[in-house]
Participant: 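Sharing a structure here in C-alpha cells format.
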Amino acid sequence: MSEPKENVLMEKIVSLCKRRGFVFQSSEIYGGINGFWDYGQLGAELKRNVKDAWWRTIVHHRDDVAGLEATIIMHPKIWEASGHVATFADPMSTCKHCKKLVRFDQVWEMIPENAWAQAIAEICPDGLVESPALLAWAKGKGKHLAPNLALVRNPEVTLSFLAERVNAPGAARPTVKELYQYLATEQVNTTGLQTPCPHCGGELTAPRPFNLMFKSHYGPVESDDNVCYLRPETAQAIFAQFKNVHETARQKVPFGVAQMGKAFRNEVTPRNFTFRSREFEQMELEFFIKPDEAVEALAGSVAKASDNAWQGEPQADWGWEVWHKYWVEQRIRFYEGIGLTRDRFEEYWQKPEELAHYARACVDILYKFPFGTQELEGIAARGDFDLSQHEKHSGKPMGVFDEELRAAWGKLDEAKKASMRAKFVTGKTAAFLKKGADEAEAAKQAEAEATVYFDKLAKGQYIPHVIEPSAGVDRLILALLADAYSELTTTDEKGKSETRVVMRFHPRIAPVKVGIFPLLKNKPELVAKAKEVRDLLRPHMTVFYDDGGAIGRRYARQDEAGTPFGLTIDFDTLGEKPELLDTVTLRDRDTQQQTRVAIKDLLGLLLPKVR
RNA sequence: GCGAGUGUAGCUCAGCCUGGUAGAGCGUCACCUUGCCAAGGUGAAUGUCGAGGGUUCGAAUCCCUUCACUCGCUCCA
C-alpha cells in the first residue's frame, strides 16, 4: 500500500488537473464512465507536444524509420495470430470465502504451490487416501492452512463422500487433482466436484470469461461472421503492414515502422487516475533487424553487447542484443529530453523467468508515481515471433530477400556455417525443452527448424527480428504531471504564508510557452502594446494573453498551467525611461527572476528554449 | 466481478448520528482602485446535496437500487 502522504499528493494532482483543465472525467455530467478520461485545454496541448516530440525523434530525425497510421478495427484474424483472442479472454473465478479473484485456467498450477495442498499431498502420497490422518490434519493444522476447505469445515461429511469413491468396487486410485476436488466438496451429489481456491481452499464461483478486448460487429447486422475488435495495441498493424511498408518506403533491414494511436482494453479494474484506462493511446516502434546469423555472415562477427557499442551510431555488425540496448538508451534520452527527472525513472531488466514466451529480453522503463513505481514503456526484443505468426495465419510470406546476404553466405567456410548451426540448434532445443518437449523430440524439432532456416539464409531469405519500444502516452502524461508538480510556500510581511502550485514542465512540452500581460488593464497603451507582442510571438509558439486581475495573480495562474515564461508590458516599454523603450520584463517560472529584454530579441531568445 | 470506504457550489469541506427543505473559506465574474508575484474595496453568479426509487405531512439527513471515485484481489502500454 502506498503511503498516505503520497495519496495526498495524487489527490492534489487530480484536483489541479480538473481545476486548470488538464484532465476531466469523461461524460462527467452523466456521472462519469469508469476508465475513460478527457483532456482539457491544457492537457490536450501537453499531449500533442509529447506526441510531436516522439514522432519527431523517432520518425523525422532518423533515416531508418517510417510512419504508419492504421485503422483501429482490423481483420479479426490479426488478433488470432497475435494471440490476443486466446490470452485476452481469461476465465476468472472469485473465491466465495476469501473473495480473491483467480484465473480459472491457472488454478491447477497454483494449487500445488500452496502449503495446504502440499500437506495433503504428503498425507496421501500418490493419491493413497489416509482418512484418519486427513481427519487429524483437518482438525489441526488444516484450520490454519486452508480454513475454507470443505475437509476443514466439515471433515466427516467430506471424507464420507471420498470414502464412497475410493471404496467403490473396482475403483482406481484417485489422481491427486481428483483428491483435491473431493476434499473441496461437501455435497458431491448436489454440487458436483468443486475446484478449491488456491489460497484458502474455499469454493470458487463458476468461471466467467473476462474478455479484455472490446468487441463489435462490422456491417449493420450482428452475427458471428462479422465480429470485430477494437485494437488492444497498435503494434499488430505494423506487422500486418510490414510487407507494404518495406516495399514502398525504400527501406532495407534494419529499419523501423512507428505508429501512435488509440488502443482499447476492457480492464478489470481501471485504477490510479489515467494510469490504467480502458481507452488509451500508445506510441510504438517496431524496429526490424537481421537475425544474428545473417549479421555474422555479412559482417564476419556479431558485436558484443558488453562493449559499449550501442552508445554510438548503428553499425553493420550489431546483433539483437546491441540493437536492444541501443533502443533502451535512445528511449531514456527521449525521456530526459522532455524533462522527466532522471532519478524518478529507472530501467528494469526483466529476469528470464518473467519474460513472455516470445520475448528474448525486455526492459521496462519505470516511473516513480505517487502511487508506486510503475511501467511507462516496455522495450522488448521479440525475435521473429510476430512476423512468423502472421506468415502462418495469413499464409503470406513475411520474409525479406537480401542479395548481399546470399552472396556473403556463398563465401562462408563450412566450419563457420557448422558452428552457427550448432549454436542455433542448441538454443532451439533449450526452447523446446522449456515448452515441455522431451529431449529426443526437442532435438529433432530443433534440427528440423535449423534445416529450413539455414536453407533460406543461404538463399538470402529471412524473417526479420524485431525490437519493440512500446510506450503509453497517457501514462507518460501522468508521469509528466507528477514530475512537474511542485509547491512553493511564500510568507508575506504580515507573516501569512501561502502555498502555490508550480508546474515545472520542460519548455519543450509545456502547454503554453509564454504568458503575456499588460501591467495594468485600464491603460489602453499598455494593452495595445501587449497585444502587439502577442501577435509577434503567436505564429511561432503557444501564447496566452491575460489582463485580468492583479499581476501577481496572473503570474500564479500561469505557474499552475506550467507556462515557463511570462512577459510583462509596463510603462518603460512605452518609453517612460527612454533607454528602456520597447523592452519588456521576461519572468522565469522556476526562478521567478525577471530580466529586461528588447522586444526585437524575444523570438531569438525564446524559440531555441521551447523547441 | 467481489469486499471495504467515499460522493454537498469550480476547489477544500461543515451540516447527516438526534429528518423541518443548504453554509464557510478559497476560486470565478463585473466595476472601482492599481507600478511586478494569488494586494484592497463594492457587487454578483453558482448547488433539483452523484442518479433513481421508497418511508414520511416533510429527506442532504432514514431505507433500497444504481453510477462514479479511492483501497484490496487481478492487470501491465
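By convention in this document, chain letters (A, B, ...) are assigned in the order of the sequence lines, proteins followed by strands, and residues within each chain are numbered from 1.
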Participant: Of the nucleotides B/rU34, B/rC69, B/rC36, which has the atom closest to the A/Leu520 side chain?
Facilitator: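 Taking heavy atoms from C-beta onward, the closest nucleotide is B/rU34.
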Participant: Would you indicate which nucleotide in B/rC36, B/rA77, B/rA38 comes nearest to any side-chain atom of A/Arg475?
Facilitator: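 Nearest to the side chain of A/Arg475 among the choices is B/rA77.
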Participant: Using purine N1 to pyrimidine N3 plus N6-O4 or O6-N4 for Watson-Crick, or N1-O2 and O6-N3 for G-U wobble, each under 3.5 Å, what pairs with B/rU18?
Facilitator: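 The answer is none; no pair meets the criterion.
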Participant: Of all the nucleotides listed (B/rG35, B/rG27, B/rC76), which has the minimum atom distance to the side chain of A/Arg553?
Facilitator: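 Side chain of A/Arg553 sits closest to B/rG27.
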Participant: Answer yes if the ring centres of A/Trp37 and A/Phe273 are under 6.0 angstrom apart, and no otherwise.
Facilitator: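 They qualify: ring centres under 6.0 Å apart.
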Participant: A/Thr195: which residues meet the side chain to side chain contact (heavy atoms under 4.5 Å, CB included) condition with it, sequence neighbours left out?
Facilitator: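 Here the qualifying residues are A/Phe104, A/Val107, A/Trp108, A/Gln181, A/Leu204.
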Participant: Tell me which nucleotide among B/rC37, B/rC76, B/rC69 gets nearest to the side chain of A/Gln594.
Facilitator: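 Comparing B/rC37, B/rC76, B/rC69 against the side chain of A/Gln594, the answer is B/rC37.
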Participant: B/rC32 P sits how many Å from A/Lys523 NZ, rounded?
Facilitator: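 To the nearest whole Å, that distance equals 11 Å.
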Participant: Checking side-chain polar atoms at under 3.5 Å, does A/Trp327 have a donor or acceptor matched by the opposite partner on A/Glu329?
Facilitator: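 No, A/Glu329 and A/Trp327 have no side-chain donor paired with an acceptor closer than 3.5 Å.
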Participant: To the nearest Å, how far apart are A/Arg557 CZ and B/rG27 P?
Facilitator: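 A/Arg557 atom CZ is separated from B/rG27 atom P by 11 Å.
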Participant: Which nucleotide in the list B/rC36, B/rA68, B/rA39 gets nearest to the side chain of A/Ala550?
Facilitator: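 When the side chain of A/Ala550 is considered, B/rA39 is the closest of B/rC36, B/rA68, B/rA39.
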Participant: Need the pair for B/rA44. Rule: Watson-Crick or G-U wobble, both distances under 3.5 Å, any strand; none if unpaired.
Facilitator: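 The answer is B/rU28, by the H-bond criterion.
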Participant: Whole angstroms only, please: what is the CZ-C1' distance between A/Phe275 and B/rA77?
Facilitator: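 Whole-Å distance recorded here is 8 Å.
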Participant: Are A/Phe275 and A/Phe371 close enough that their ring centres sit under 6.0 Å apart?
Facilitator: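 Yes: the rings meet the under 6.0 Å criterion.
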Participant: When the distance from CG of A/Leu586 to P of B/rC37 is rounded to whole Å, what number comes out?
Facilitator: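 Those two atoms, CG and P, are 16 Å apart.
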Participant: From CD1 of A/Ile551 over to C1' of B/rA39, roughly how many Å is that when rounded to an integer?
Facilitator: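 Going from A/Ile551 (CD1) to B/rA39 (C1'), I get 13 Å.
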Participant: Check the pair A/Lys47, A/Asp474 against salt bridge (charged side-chain N to carboxylate O under 4.0 Å, His left out), reporting the backbone distance first and the verdict last.
Facilitator: CA-CA 8 Å; A/Lys47 192 167 171 182; A/Asp474 308 274; 3.1 Å; yes
Participant: In whole Å, measure the gap between the C1' atoms of B/rA39 and B/rU33 for me.
Facilitator: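 Pairwise C1' distance, B/rA39 against B/rU33, rounds to 11 Å.
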Participant: Can you find a side chain N or O atom of A/Asn272 that sits less than 4.0 Å from OP1 or OP2 on B/rC71?
Facilitator: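 Answer is yes, contact under 4.0 Å.
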Participant: Taking OP1 and OP2 of B/rC69, is either one under 4.0 Å from a side-chain nitrogen or oxygen of A/Asn34?
Facilitator: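 For B/rC69, OP1 or OP2 has a side-chain N or O of A/Asn34 closer than 4.0 Å.
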Participant: Figure out the CG/C1' separation between A/Asp364 and B/rC76, and round it to whole Å.
Facilitator: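 About 8 Å, once rounded to whole Å.
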Participant: With the side chain of A/Arg500 defined as its heavy atoms from C-beta on, choose the nearest nucleotide among B/rC75, B/rG35, B/rC37.
Facilitator: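 The nucleotide sitting nearest to the side chain is B/rC37.
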Participant: Taking atom types as modelled, find out whether A/Glu375 and A/Tyr348 have a side-chain donor-acceptor pair closer than 3.5 angstrom.
Facilitator: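 Looking only at side-chain atoms, A/Tyr348 and A/Glu375 do not form any donor-acceptor pair under 3.5 Å.
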Participant: Once you round it to whole Å, what is the distance between P of B/rG35 and CD of A/Glu525?
Facilitator: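 Spelled out: CD on A/Glu525 to P on B/rG35 is 16 Å.
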Participant: Where the side chain of A/Leu519 is defined as all heavy atoms beyond and including C-beta, which of B/rC36, B/rA77, B/rC37 is the nearest nucleotide?
Facilitator: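 From the listed options, B/rC36 comes nearest.
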Participant: Is the gap between the ring centers of A/Phe517 and A/Tyr555 under 6.0 Å?
Facilitator: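 Ring centres of A/Tyr555 and A/Phe517 closer than 6.0 Å.
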Participant: So what does A/Gly261 touch, heavy atoms closer than 4.0 Å: a base, only the sugar-phosphate, or nothing?
Facilitator: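 No contact at all - A/Gly261 keeps every heavy atom at 4.0 Å or more from the nucleic acid.
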Participant: Under a 3.5 Å limit for both distances, which nucleotide forms a Watson-Crick or G-U wobble pair with B/rG5, could you say?
Facilitator: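 B/rG5 is paired with B/rC69.
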Participant: Identify all pairs in which a protein N or O lies below 3.5 Å from an N or O of nucleotides 6-14 of chain B, and state each distance.
Facilitator:
from   : atom 1 : to      : atom 2 : distance (Å)
B/rC11 : OP1    : A/Lys18 : NZ     : 2.7

Participant: What is the distance, rounded to the nearest whole Å, between atom CD of A/Glu560 and atom C1' of B/rA38?
Facilitator: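 Nearest whole value for this atom pair: 9 Å.
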Participant: Counting side-chain heavy atoms from C-beta on, which of B/rU28, B/rC31, B/rA77 comes nearest to A/Lys521?
Facilitator: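 Looking only at heavy atoms from C-beta outward on A/Lys521, the closest nucleotide is B/rC31.
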Participant: Could you please name the option among B/rU34, B/rC76, B/rC36 that lies closest to any side-chain atom of A/Asn522?
Facilitator: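 Out of B/rU34, B/rC76, B/rC36, the nucleotide with an atom closest to A/Asn522's side chain is B/rU34.
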Participant: Ring centroids only, cut at 6.0 angstrom: are A/His324 and A/Trp349 within range, meaning strictly under it?
Facilitator: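 Between A/His324 and A/Trp349, the centre distance is under 6.0 Å.
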